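The next block holds one structure in the form of structure tokens; read it before the comments.
Both counts, for ligands and for their atoms, begin at 1 and track the order of listing. Bear in mind that the values here come from a model prediction, so they are computed numbers and not experimental data.
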Amino acid sequence: MDVFHIEGPVRLSGSVRINGSKNASLPVMAATILAGGKSVLSAVPHLSDISVCSELLVELGCEVSREQNGDLCIDSSVIDNPVGDYEIVRRMRASICILGPLLARCGRAEVSMPGGCAIGYRPIDIHIRGLRELGAEIHIKNGYIIAEARNGLRGREIFMGGPFGSTVLGTANVLMAATLAKGKTIIESAACEPEIADLANCLNKMGAKITGIGSPRLVIEGVRQLNPVEFKVIPDRIEAGTFMVAAAITAGQLHLNNCQLDDMMAVVDKLRGIGITIEPDGDGCVVAGDGRLKPADITTQPYPGFPTDLQAQFMALLSLAEGNSIIIEKIFPDRFMHVAELSRMAANLRKEGPTIIVAGVKKLMAAPVMASDLRASAALVLAGLAAEGTTTINRVYHIDRGYEKIEERLNPVGAKIVRESV
Ligand code: EPZ
């Protein structure tokens, strides 16, 4: 298991290129199941979650390889084992998004129920409800979701809202299944996240007929078959947001290339309110801070609201603001594993249910801390850049799930991060 030693405080300065989006790549990889033949995906990042997804596709019968230019080739001509094994699904919850495409392609699927998760209880009832509405028979046996649609799927009007709003991967699952269903499907209260729009654009390129992309009402005219595709995934808005906070928390200046500000309005708005300058530039932007941070109130919401995947990183930032901030988590009310760790670094945080009151402090102090989930770990890296002394982060494999060699990208712009294998 690797450990990070981060020496701080530092001031970051320079350029960073934002990679392709992990959370767009995973459903797009699953979408290749829908068509026989070889698809070529570009800008898919080199991350452990992507490797797990590749492993999953290979188990189903696909051939998966990386070209020298980095493109990911998926040949899904043969799918002879429509089973998402527990050993793989337990390593990555997003594996669930093979359920819809397998069902549509093979007429049946067995996928392990995802288990517990560091960010809290994450049911999949809406995925199952949506697929049942399309005519699938679904039951749970020995920890597996057994789904069958012997006579194919039928288009329907489906409402997909839940207690916390829309569901990203639930929308992906039902959307993918509906592309091959007979007749018209309407998904109401669909997730509007850019990653879902990217998936829909990819599916249309494969021959699907989807309208309403980017809106909460997706209309899908079922087609008989889809074709393999060449597709480039969008830049990672969560990675971009994390690097923006890195510039802000170090009073630095970063030029972020390959960054779509249009997908990040809520984040950019908050950062500007905190006192950070963000100017569009080329295919990205320049982000700069002067060390003075104003407090902010943040509520996480489905897109286009403020993303839960940047909540932890903003908590690290607001720990150093001049005054009190409030952070309310409305997507995953228990997503607060980073609170205790940031407190070990002298952040002043008080938890009241799904709300954290952040009383700004003048300095963060280095400490040994534990990475728990992906974004919580990113928050610890950011805190480590600003804290005085050497912060040691254990279990950095959590960071590697979503940030490609983060130390090799931060060190050239002024960070002092050493990875040690222990
Ligand atoms: C996606 O997870 C992302 N994962 C998560 O990113 C992200 O935090 C989340 O969306 C919210 O934006 C991927 O894209 C791979 P949801 P997903 O279904 O789709 C409730 C990261 O760090 N819900 O949109 O699984 C659920 O409990 C990861 O990169 C139901 O009640 O999340 C939550 O409160 C972590 N029933 C809310 O909906 C369901 O059937 C939104 O969850 C499904 C969800």
Side-chain angles (χ1 to χ4, degrees), residues 19-31 44-45 47-50 52-53 56 89 91-100 113-133 138 145 158-176 187 189-199 216 233-234 236-242 263 266-267 300-313 328-335 337-338 354 371-379 398-403:
N19 287 330
S21 161
K22 165 181 86 78
N23 289 349
S25 298
L26 294 170
V28 163
M29 288 172 74
V44 175
L47 298 170
S48 55
D49 270 11
I50 299 296
V52 174
C53 189
L56 187 63
V89 178
R91 285 158 56 202
M92 188 185 67
R93 293 186 63 87
S95 307
I96 189 68
C97 67
I98 62 170
L99 182 62
M113 281 281 277
C117 177
I119 68 179
Y121 177 50
R122 296 175 69 182
I124 52 157
D125 55 315
I126 306 172
H127 301 231
I128 292 178
R129 201 177 74 210
L131 294 172
R132 278 195 177 131
E133 296 257 12
I138 300 183
I145 305 157
I158 305 172
F159 176 74
M160 288 203 60
F164 297 95
S166 50
T167 155
V168 175
L169 291 179
T171 302
N173 252 330
V174 175
L175 172 63
M176 288 190 274
I187 304 179
S189 199
C192 301
E193 271 68 6
E195 294 76 15
I196 292 298
D198 207 38
L199 170 66
V233 299
I234 51 171
D236 195 317
R237 65 192 168 101
I238 305 302
E239 183 179 271
T242 304
D263 290 346
V267 175
T300 64
Q301 287 171 329
Y303 187 85
F306 188 92
T308 172
D309 289 347
L310 285 170
Q311 178 254 108
Q313 298 89 319
I328 307 175
E329 177 54 69
K330 289 233 173 154
I331 306 291
F332 296 114
D334 296 321
R335 191 175 200 175
M337 298 284 276
H338 42 287
S372 52
D373 79 80
L374 168 56
R375 310 301 172 187
S377 319
H398 286 291
I399 304 173
D400 296 335
R401 293 185 55 184
Y403 298 90

Open item on the list: Return the closest protein heavy atom for atom 2 (O) of ligand 1 as residue, atom name and distance.
Closed with: Arg122 NH2, 3.2 Å
Open item on the list: Give me the residue, atom name and distance of the protein heavy atom closest to atom 37 (C) of ligand 1.
Closed with: Phe164 CB, 3.8 Å
TODO: Return the minimal non-hydrogen interatomic distance between Asp198 and Ile234, and the atom names on each side.
DONE: OD2-N, 3.2 Å
Open item on the list: Which heavy atom of Phe159 sits nearest to which heavy atom of Arg129, and what is that distance?
Closed with: O-NH2, 3.0 Å
- [ ] Give, for atom CD1 of Ile128 and atom CG of Leu99, the distance between the pair rounded to the nearest 0.5 Å.
- [x] 7.5 Å
Task: Any Arg335 heavy atom less than 4.0 Å to ligand 1 - done: yes
Open item on the list: Starting from atom 18 (O) of ligand 1, what is the nearest protein heavy atom, named by residue and atom, and what distance separates them?
Closed with: Thr167 OG1, 2.7 Å
Open item on the list: Would you compute the distance between atom CD1 of Ile399 and atom OG of Ser48 and round it to the nearest 0.5 angstrom?
Closed with: 11.0 Å
Open item on the list: At less than 4.0 angstrom from any non-hydrogen atom of Ile126, what atoms of ligand 1 do you find?
Closed with: 30 (C), 36 (N), 39 (C), 40 (O)
Open item on the list: Would you compute the distance between atom CG of Leu56 and atom CD1 of Ile98 and round it to the nearest 0.5 angstrom?
Closed with: 4.0 Å
- [ ] Kindly give the heavy-atom pair with the smallest separation between Asp236 and Gly20, and that separation in Å.
- [x] CB-O, 3.7 Å
For residues 118-127, please give each side-chain donor-acceptor pair under 3.5 Å, one per line with the distance, not counting sequence neighbours.
unit_1 : atom_1 : unit_2 : atom_2 : d
His127 : ND1    : Asn173 : ND2    : 3.1
His127 : NE2    : Gly170 : N      : 3.4

Open item on the list: Tell me the contacting part of Tyr303 for ligand 1: side chain, backbone, both, or neither, using a 4.0 Å heavy-atom threshold, strictly below.
Closed with: neither
- [ ] Work out whether the distance between some heavy atom of Arg93 and some atom of ligand 1 is less than 4.0 Å.
- [x] no
Task: Which segment of Ile331 sits under 4.0 Å of ligand 1 when only heavy atoms are counted - done: both
- [ ] Going by heavy-atom distance to atom 44 (C) of ligand 1, choose the closest among Ala94, Gly162, Pro123.
- [x] Pro123
Open item on the list: Only heavy atoms of Thr308, strictly under 4.0 Å: list the atoms of ligand 1 that pass.
Closed with: 8 (O), 11 (C), 12 (O)
Task: CG-OG1 distance between Leu310 and Thr242, expressed to the nearest 0.5 angstrom - done: 5.0 Å
Task: Residue, atom name and distance, where the atom is the protein heavy atom closest to atom 26 (C) of ligand 1 - done: Phe332 CE2, 3.9 Å
- [ ] Would you please name every residue forming a side chain to side chain donor-acceptor pair (under 3.5 Å) with Arg93, sequence neighbours left out?
- [x] none
Task: Top protein contact for atom 3 (C) of ligand 1, by heavy-atom distance - done: Asn23 ND2, 3.8 Å
Open item on the list: For atom 36 (N) of ligand 1, what is the closest protein heavy atom, and at what distance to 0.1 Å?
Closed with: Asp125 OD1, 2.8 Å
Task: Distance, nearest 0.5 Å, that separates OG1 of Thr308 from CZ of Arg335 - done: 4.0 Å
TODO: For ligand 1, note which part of Arg375 has a heavy atom under 4.0 Å away: side chain, backbone, both or neither.
DONE: side chain
Open item on the list: Measuring from atom 7 (C) of ligand 1, which candidate in Val168, Asp334, Asp309 has the nearest non-hydrogen atom?
Closed with: Asp309
Open item on the list: Can you name the atoms of ligand 1, numbered from 1 with element, that are less than 4.0 Å from a heavy atom of Leu169?
Closed with: 15 (C), 19 (O), 25 (O)
